[in-house]
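What follows is a set of notes on a single structure, which appears directly below.
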Amino acid sequence: MMSKNKMLLVLLGIASPVAALVAWWTLSENSTNAFFPPLSRIMERFADLWLFEHFKSDVLLSMGNLFTGFLIGIAAGVLVGFVLAMVPTIRWMFEPTIHFFRGIPPVAMIPIVITLIGFGPEMRVANIALAAFFPTLIATMDGIRGLDGSLKDVCSVYRLTPAERMVRVYLPAAGPQIFSGMQVSLQVSFVVMIASEMLGSSQGIGAMTLLAQQSFMSADMWAGILLLGAIGFLVNIVFELIKGRVLRWYVGSRRVERAA
């Protein structure tokens, strides 16, 4: 059962955005500024555009690209990170190259990928996958390399195969750090999804929002911004729920430590 303190925190978390929306609605109701239309008008356009007209053609398209690229990127990041953490020779060979490419802002890679692949959906998925790859790779490497040496001794005593060590010992033990890297990857992937649609697409939430801005349709532009904020918020909540479910043993142990 939820404690009173936790319930109070939840209510405060809900109250602040509600208060901000009420203030925005009230203060903008009589606005005649073409660039800052009333919130009531923005919400009307939000419903018309994103709940009906462009839901399938743009919203579902953007979310499909995001999740496809994100899953490809984190899967590759975990696999390559595990190999590099377990084989020092390969790590020493490729680590300088990895740090060079991860130092390049993911958005700066979009023109290069457009040149190599073109303007199709493959370009957007590839950019998102690249954005998700490096944070997960670094987190996986650091998480596995930082494991207690006794775990490796136990694996050797029980003669576990490399696959068994990875699935049953190393990845669960390094899970909290890997999931932290995945969360960073998700945030970066979301930004790259929007940027790739603005720079190299005529479809998607980012492209439609940019088109509205260029066409001086301010209500449509603000509706797109609100949608992006809502999606980013909801995606992060879903990720936290999945993380809490997968790492429930870790969450439980931290709770016990705080209570002690």
Side-chain angles (χ1 to χ4, degrees), residues 63 65-107 109 125-156 158 160-193 231-258:
M63 299 309 297
N65 291 336
L66 174 64
F67 290 125
T68 301
F70 176 69
L71 292 176
I72 293 173
I74 62 172
V78 170
L79 181 60
V80 176
F82 178 81
V83 172
L84 294 178
M86 296 303 298
V87 186
T89 303
I90 299 178
R91 183 175 68 249
W92 294 333
M93 184 184 302
F94 289 102
E95 197 166 25
T97 304
I98 290 171
H99 287 296
F100 172 80
F101 280 104
R102 85 180 184 95
I104 301 174
V107 175
M109 296 295 294
V125 172
N127 275 303
I128 294 169
L130 279 174
F133 174 73
F134 288 104
T136 305
L137 168 67
I138 299 302
T140 303
M141 286 176 56
D142 291 344
I144 293 177
R145 290 176 63 190
L147 293 179
D148 190 347
S150 61
L151 288 176
K152 300 178 182 179
D153 295 337
V154 170
C155 292
S156 300
Y158 283 94
L160 298 181
T161 65
E164 289 175 331
R165 295 184 184 194
M166 177 181 180
V167 175
R168 298 173 61 182
V169 180
Y170 293 154
L171 290 183
Q177 189 160 347
I178 294 174
F179 265 89
S180 296
M182 288 181 181
Q183 193 159 20
V184 174
S185 294
L186 181 60
Q187 295 166 355
V188 177
S189 297
F190 189 69
V191 173
V192 171
M193 178 202 77
I231 289 176
F233 178 73
L234 293 175
V235 166
N236 190 64
I237 289 179
V238 172
F239 184 87
E240 286 288 349
L241 292 175
I242 295 173
K243 177 181 176 181
R245 180 67 177 173
V246 175
L247 300 177
R248 56 187 179 276
W249 60 271
Y250 176 75
V251 175
S253 65
R254 292 292 299 274
R255 191 174 298 151
V256 170
E257 290 177 2
R258 288 195 295 266

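From a predicted model like this one, the values you see are computed outputs, not experimental measurements. Atoms considered below: every heavy atom in the structure, side chains included; atoms not considered: hydrogens, waters and symmetry mates. In what follows, residues are counted from 1 in the order of the sequence shown.
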**Study point:** Minimum side-chain heavy-atom gap L66-S189 below 4.5 Å
**Key:** yes

Check your understanding: Would you say F179 and F239 make side-chain contact, with heavy atoms under 4.5 Å?
Key -> yes

Check your understanding: If every non-hydrogen atom of G181 is compared with every non-hydrogen atom of A139, which pair is closest and at what distance?
Key -> CA-CB, 3.6 Å

Check your understanding: With a 4.5 Å limit on heavy-atom distance, are the side chains of M182 and K243 in contact?
Key -> no

Exercise for review: Could you grab the distance from atom CD of Q177 to atom CE of M141, nearest 0.5 Å is fine?
Suggested key: 11.0 Å

Review point. Are the side chains of M63 and V235 in touch, meaning some heavy atoms are under 4.5 Å apart?
Key: yes

Sequence neighbours left out, cut at 3.5 Å: what donor-acceptor pairs do the side chains of residues 77-101 make with other protein atoms?
residue, atom, partner, partner atom, Å
R91, NH1, L84, O, 3.0
R91, NH1, A85, O, 3.3
H99, ND1, R102, NE, 2.8

Point to revise | Point-to-point distance, once rounded to the nearest 0.5 Å, from CD1 of I72 to CG of L130 | key: 10.5 Å

Review point. Between A131 and V192, what is the shortest heavy-atom contact and its length?
Key: CB-CG2, 3.6 Å

**Study point:** Non-hydrogen side-chain atoms of F190 and I231 separated by less than 4.5 Å
**Key:** yes

Exercise for review: Look up atom CG in L186 and atom CD1 in I74, then write down how far apart they are to the nearest 0.5 Å.
Suggested key: 8.5 Å

Practice item. Would you give the length of the straight line joining atom CD1 of I138 to atom OG of S180, rounded to the nearest 0.5 angstrom? Key: 14.5 Å

Study note, to complete from the structure: Note: P172 and V169 closest approach over all heavy atoms is CD-O, 3.4 Å

Check your understanding: Given side chains that start at C-beta, do those of M166 and I144 come closer than 4.5 Å, heavy atoms only?
Key -> no

